[in-house]
Enquirer: 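Right, I'll just put the structure down here and ask away after.
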Amino acid sequence: MDEIFMPNNRFNPLPDNNLTKTAKDSAIGKAIRYTINQWDSLTRYIDDGNIQIDNNAAERHIKPFVIGRKNWLFNQTPRGANASALLYSLVQTAVANNLEPFDYLKYLLTARPKLGRHYKPEALDQFLPWNLTEKIKPLK
């Protein structure tokens with residue numbers, strides 16, 4: 001059984017002769033053609049164990065943006081849209097680094113002004129989420 005999943009000899013449950021047995025415009029015919037045309041992509045995870053069989057993790061991460069899409073319609077100006085994008089980016093960065101978003105934002109908005117108006121760009125490194133794991137509580 002292992003040899004049928006070798007990269008150069010992949011098992012294909014829908015051989016090309018099924019194409020002649022189905023109508024081209026039928027739903028099953030379209031499904032078979034799609035499967036045959038996408039077979040290499042559909043079985044790519046077999047070649048590399050690091051590739052996930054699904055994209056659930058990616059979809060889970062973009063879900064807040066999909067839900068918030070309708071809310072973005074109410075941004076009245078480009079500056080408002082930029083401010084929203086900045087806020088969403090900060091929140092998602094905190095979540096990606098296992099930090100409580102509210103606490104992360106609170107820290108940024110209270111500690112950053114203490115730098116003043118003139119500072120070196122390297123001074124911002126202290127506000128990067130991976131440098132704040134000791135100061136901000138983790139997500140629950």
Side-chain angles (χ1 to χ4, degrees):
M1 185 75 172
D2 289 338
E3 64 275 358
I4 63 174
F5 286 107
M6 295 302 291
N8 296 330
N9 187 23
R10 286 204 183 110
F11 173 71
N12 189 339
L14 298 169
D16 292 338
N17 64 2
N18 280 335
L19 285 175
T20 59
K21 297 177 184 175
T22 60
K24 182 178 181 179
D25 295 330
S26 69
I28 190 70
K30 289 178 184 177
I32 291 172
R33 279 177 181 70
Y34 175 83
T35 303
I36 290 171
N37 290 336
Q38 299 298 319
W39 189 251
D40 287 338
S41 299
L42 292 169
T43 58
R44 178 71 176 108
Y45 70 95
I46 295 171
D47 296 334
D48 185 350
N50 295 317
I51 298 175
Q52 297 294 320
I53 193 169
D54 59 35
N55 66 347
N56 289 342
E59 290 189 16
R60 223 178 8 261
H61 280 89
I62 65 168
K63 188 174 182 179
F65 295 102
V66 173
I67 292 171
R69 191 177 349 189
K70 289 184 181 178
N71 296 336
W72 299 337
L73 295 174
F74 298 107
N75 285 320
Q76 300 295 318
T77 64
R79 287 183 68 198
N82 285 336
S84 293
L86 176 65
L87 182 62
Y88 281 115
S89 294
L90 289 171
V91 168
Q92 289 302 313
T93 300
V95 170
N97 286 277
N98 199 35
L99 297 176
E100 191 64 46
F102 178 80
D103 293 338
Y104 179 59
L105 291 174
K106 182 179 171 185
Y107 179 80
L108 288 179
L109 295 173
T110 55
R112 166 50 193 90
K114 294 175 186 173
L115 282 181
R117 297 183 80 182
H118 304 288
Y119 55 87
K120 293 184 179 182
E122 299 83 36
L124 296 176
D125 288 350
Q126 64 183 311
F127 300 110
L128 296 173
W130 45 88
N131 293 332
L132 296 172
T133 55
E134 301 291 322
K135 295 181 181 181
I136 299 174
K137 66 180 176 182
L139 280 172
K140 295 177 185 171

Enquirer: Tell me whether I53 at atom CD1 has more than 12 heavy atoms from other residues, nucleotides or ligands lying less than 6.0 Å away.
Expert: no

Enquirer: Hey, is CZ on F127 packed in by over 12 heavy atoms from elsewhere, all under 6.0 Å?
Expert: yes

Enquirer: Where the side chain of Q38 meets the backbone of T35, is there a donor-acceptor pair that is under 3.5 Å apart?
Expert: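 Answer holds: no.
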
Enquirer: Roughly how far, to the nearest 0.5 Å, is NZ of K137 from CG of L132?
Expert: 15.0 Å

Enquirer: In Å and rounded to the nearest 0.5 Å, what is the CG to CG distance from L105 to L87?
Expert: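 These two atoms lie 6.0 Å from each other.
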
Enquirer: Please tell me if the side chains of K24 and K30 come closer than 4.5 Å, counting only heavy atoms from C-beta onward.
Expert: no

Enquirer: Hydrophobic clusters here meaning ILVMFWY residues chained together by side-chain heavy-atom distances under 4.5 Å, can you tell me if L124 and I136 are in one?
Expert: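 L124 and I136: one cluster.
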
Enquirer: Y107, L86: one ILVMFWY side-chain cluster at the under-4.5 Å cut-off?
Expert: yes

Enquirer: Which atom pair, heavy atoms only, marks the closest approach of S89 to T93?
Expert: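 Looks like O-OG1, 2.7 Å.
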
Enquirer: Report yes if some heavy atom in the side chain of P101 is under 4.5 Å from a heavy atom in the side chain of L139; otherwise report no.
Expert: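 With C-beta onward as the side chain, the pair touches.
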
Enquirer: Any donor-acceptor pair under 3.5 Å linking the side chain of N97 with the backbone of L99?
Expert: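 No; zero donor-acceptor contacts below 3.5 Å.
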
Enquirer: Is there a side-chain contact between N131 and Q126 (heavy atoms, below 4.5 Å)?
Expert: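 No - every pair of side-chain heavy atoms lies 4.5 Å or more apart.
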
Enquirer: Begin from the C-alpha positions of D47 and R44 and carry the test salt bridge (charged side-chain N to carboxylate O under 4.0 Å, His left out) through to its verdict.
Expert: CA-CA 6 Å; D47 296 334; R44 178 71 176 108; 3.5 Å; yes

Enquirer: Under a 4.5 Å cut-off applied to non-hydrogen side-chain atoms, are I36 and I32 in contact?
Expert: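 Yes, at least one pair of side-chain atoms sits under 4.5 Å.
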
Enquirer: Membership question, hydrophobic clusters at under 4.5 Å side-chain separation (ILVMFWY): are L90 and I62 in the same one?
Expert: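 No, no single cluster joins them.
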
Enquirer: For Y119 and R112, which heavy atoms make the closest approach, and how far apart are they?
Expert: CE2-NH2, 3.1 Å

